[in-house]
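Take a look at the structure set out below.
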Amino acid sequence: MPFLLFVFLGIIAGAFFPVQATINSRLGSIAKNPIVASFTAFSVGSVVLFLFILFFDLQSLLSINITEKPILFIAGPLSGVIFNVANIILFTQIGATITTIITITGQMIMGILIDHFGLFGMPVQPLSIKRLLGIIIMLGAIWLFQKSKTNIATNTNIPKKWLLIGLVAGIFPPLQASFNGELRETVQSVLVATFISFFVGALLLAGILLVKDKKIKIPRKDELGIKLPWWTYIGGLFGILIVGGNILVIRELGSVLTTIVFIFGQLLMAVLIDQFGLFKMMKRKIEKGELVALALIVIALFLV
C-alpha cells in the first residue's frame, strides 16, 4: 500500500479513540469503576474478533505456534493493560490535561528509541535534526491543544513522582504497538494478532477485577433504574479498529510517526465531538488554539 494510505489509515484509526473513550467513560461512570468498562470493551472485542476469525481466518488461528515467540502473546496485551490502569490512576491524581501531556511525552521518547535502534524488529529510522524538530513541534501542539481546552495552572505543585509515573506509563503504548506488530508477523494475520491482544487483555483485566473487587459486575441499568442503551457496550468494536489499525500501520510508518498520526486523528475527532455534541456530549465552542495545534501536527507529520 502507498505510504500516504498508511498515514490515512492511521488517522482514521486514531479518530476512533475518543469515540471509544466517550462510550467507555459513560459505562465506567455508571459502574463507578473504569476498569469494568475496559474489561467490557476487551471482552466484546474478543467475541466479535473470534466470530470474524471463525468465518474468515480460522486457519491462521489453528496454525499458531505459541512456543515460537511466547513473550509476544503476553507482552502487547500486558503493555496495554498497564497503560490503561496507569491512566486511570493518573487522571485522579494529576488531572486529564497534565496526564495527556506527560504520557504523550513518554510515548515520543519511547518511539524515538524504538525507531533509532530498530528495537523489537522495527525498521531503523535514525534520529535526525529534522525528526527531532517535528517531535518538538508535536509536543508543543499537544500542550497548546490542552491549554486551549483547560486553563493549566502553572503554579500547581504536582509531586514529581506522579510526573515520573506518567512518563513511564507513556512508554507502554509504543511498546504495545511494536509487540503487536511483531506478533502480526509471527501469526501472519492482522485479525488473529488483534484477537490475541484483546483476549489476553480481557483475561488480565478480569484478574485485576477479581483481585480488587472479588467479582465482575457489568451494569445493565443506570442510577435511575433505566436500562442502558445497547451502544453503551460497544466500545470494544471501536477498540478493534484502533488496535488493528495500529498493528497494520506501525511496520510501515515506524513508532514515532504512527504515534503522531494516531494522535492527530484522536484530536481531530475530539474537536468534532465538541463542535457538534456527538454521542450526547455537551457542545463546546472550538478555540483557535485547538485549530492551530492541529495545523502544527500536520507540519510535524511532514518533518517526521
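All values derive from a computational prediction rather than experimental measurement.
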When Leu9 is tested against each of Val261, Leu253, Val249 for side-chain contact (heavy atoms from CB on, under 4.5 Å), which residue passes?
Val249

Residues in ring pair (Phe, Tyr, Trp, His ring centres under 6.0 Å) contact with Phe83, at least two apart in sequence or another chain:
none

With the side chain counted from C-beta on, respond yes when [X] and [Y] share a heavy-atom pair under 4.5 Å apart, and no when they do not.
X      : Y      : answer
Phe6   : Arg251 : no
Pro173 : Met110 : no
Val36  : Ile216 : no
Leu209 : Asn33  : yes
Phe120 : Leu175 : yes
Ile297 : Phe145 : no
Leu267 : Ile142 : yes
Val298 : Leu294 : no

How close do [X] and [Y] get, heavy atom to heavy atom, and via which atoms?
X      : Y      : value
Leu228 : Pro219 : CD1-O, 3.6 Å
Ile171 : Val168 : CG1-O, 2.9 Å
Trp162 : Ile89  : CZ3-CG2, 3.8 Å
Gly244 : Val190 : O-CG1, 3.9 Å
Arg184 : Leu248 : NH1-O, 3.4 Å
Thr259 : Met108 : CG2-CE, 3.0 Å

Checking one residue: Val124. Which other hydrophobic residues are in its cluster under the side-chain 4.5 Å linking rule?
none

Which pairs with one or both residues in residues 47-71 pass side chain to side chain donor-acceptor pair (under 3.5 Å), sequence neighbours excluded?
Asp57-Ser60, Asp57-Ser189, Gln59-Ser63, Asn65-Thr67, Lys69-Glu182

Tell me which pairs pass side chain to side chain donor-acceptor pair (under 3.5 Å) where either residue lies in residues 105-119, with sequence neighbours left out.
Asp115-Arg131

If you round to the nearest 0.5 Å, how far is [atom2] of [Y] from [atom1] of [X]?
X      : Y      : atom1 : atom2 : value
Leu58  : Leu191 : CG    : CG    : 11.0 Å
Met138 : Leu257 : CE    : CG    : 10.0 Å
Thr40  : Leu27  : OG1   : CG    : 5.0 Å
Ile136 : Leu296 : CD1   : CG    : 13.0 Å
Thr103 : Leu163 : OG1   : CG    : 11.5 Å
Leu237 : Ile23  : CG    : CD1   : 8.0 Å

Side-chain donor-acceptor pairs of residues 44-52 under 3.5 Å, sequence neighbours excluded:
residue	atom	partner	partner atom	Å
Ser46	OG	Phe42	O	2.8
Ser46	OG	Phe198	O	3.3
Ser46	OG	Phe199	N	3.2

Cut-off 3.5 Å, side chains only: do Asn246 and Asn180 have a donor facing an acceptor?
no

Verify the cluster assignment for [X] and [Y]: are they in a single hydrophobic cluster under the rule of side-chain heavy atoms below 4.5 Å apart?
X      : Y      : result
Phe3   : Ile299 : yes
Phe264 : Leu4   : yes
Phe302 : Val256 : yes

Should Met122 and Ile250 be marked as a side chain to side chain contact (heavy atoms under 4.5 Å, CB included) after you check the CA-CA gap, both sets of side-chain angles, and the distance that decides it?
CA-CA 8 Å; Met122 295 293 293; Ile250 191 167; 3.5 Å; yes

Residues in side chain to side chain contact (heavy atoms under 4.5 Å, CB included) with Ile64, at least two apart?
Leu61, Ile66, Phe73, Val187, Val192, Ile196

Give a yes or no answer on whether the side chain of Thr258 reaches the backbone of Ser255 with a donor-acceptor pair at less than 3.5 Å.
no

